[in-house]
Amino acid sequence: AKIVLADAATSMLHGPECLESIKATASSVFAGNGAADNADLPRVQVPSSELDAGKPVVDILVELSFAKSKGEARRLIKGGGARVDGVKVEDEAMLLQTELLKGEKEIRVSSGKKKHGIVEMV
């Protein structure tokens, strides 16, 4: 029943043509079905030079619209709601650096259980 309701709401909000793409993304993100399909997740592009120097996770949370301000992002981190690549962010001064990408071009940032986004190195 929940799935039928979610499908109906999604169709009304985004249109029926987007439903399959959204369902695939939701399935991979929330059910853990293999490699996650990150195509429909919100993205923020960060130059490699910024990641080499380190970009504050607080700034990334604001850029992904997971927080309206840096203060709200800090409260999210203090409350244990922010994750980078599935690992809880413990320090509000944490910097997202190139080493955290482990040779990849993107990394997942999450706010709570249902908001996910991608930081893409350009």
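For reference, positions follow the sequence shown, starting with 1. Small disclaimer: the values here were computed from a predicted structure and weren't measured.
Under the 4.5 Å side-chain heavy-atom criterion for grouping Ile, Leu, Val, Met, Phe, Trp and Tyr, L95 is not connected to V84 through any hydrophobic cluster.
Note that OG of S49 and NZ of K55 are 10.0 Å apart. Values are rounded to the nearest 0.5 Å. To the nearest 0.5 Å, atoms CD (E92) and NZ (K78) are separated by 4.5 Å. Distance check, rounded to the nearest 0.5 Å: NZ of K115 to CG of L61 gives 10.0 Å. Expressed to the nearest 0.5 Å, how far OG of S111 lies from CD of E72 amounts to 8.5 Å.
Side-chain contact between I118 and R108 is present, with at least one heavy-atom pair separated by less than 4.5 Å. Residues L96 and L51 meet the side-chain proximity criterion, which asks for heavy atoms closer than 4.5 Å. In this structure the side chain of V122 never reaches within 4.5 angstrom of the side chain of V46, judged on heavy atoms. Residues M121 and E106 form no side-chain contact, since every pair of their non-hydrogen atoms from C-beta on lies 4.5 Å or further apart.
Looking at every heavy atom in both residues, G117 comes nearest to F66 through N-CZ, 3.6 Å. Contact record, L41 with H116: CD2-O, 3.9 Å, taken as the closest heavy-atom pair. I77 and A82 get closest at one heavy-atom pair: CG1-CB, 3.8 Å. Annotation for R74 and V58: closest pair CG-CG2, 4.0 Å, computed over non-hydrogen atoms. Considering all non-hydrogen atoms of both residues, V109 and I60 come closest at CG2-CG2, 4.2 Å. Counting all heavy atoms, side chain and backbone alike, V62 lies closest to K70 at CG2-N, 3.8 Å.
Of the charged side-chain nitrogens involved, none lies within less than 4.0 Å of a carboxylate oxygen, so that E63 and R43 do not count as a salt-bridged pair.
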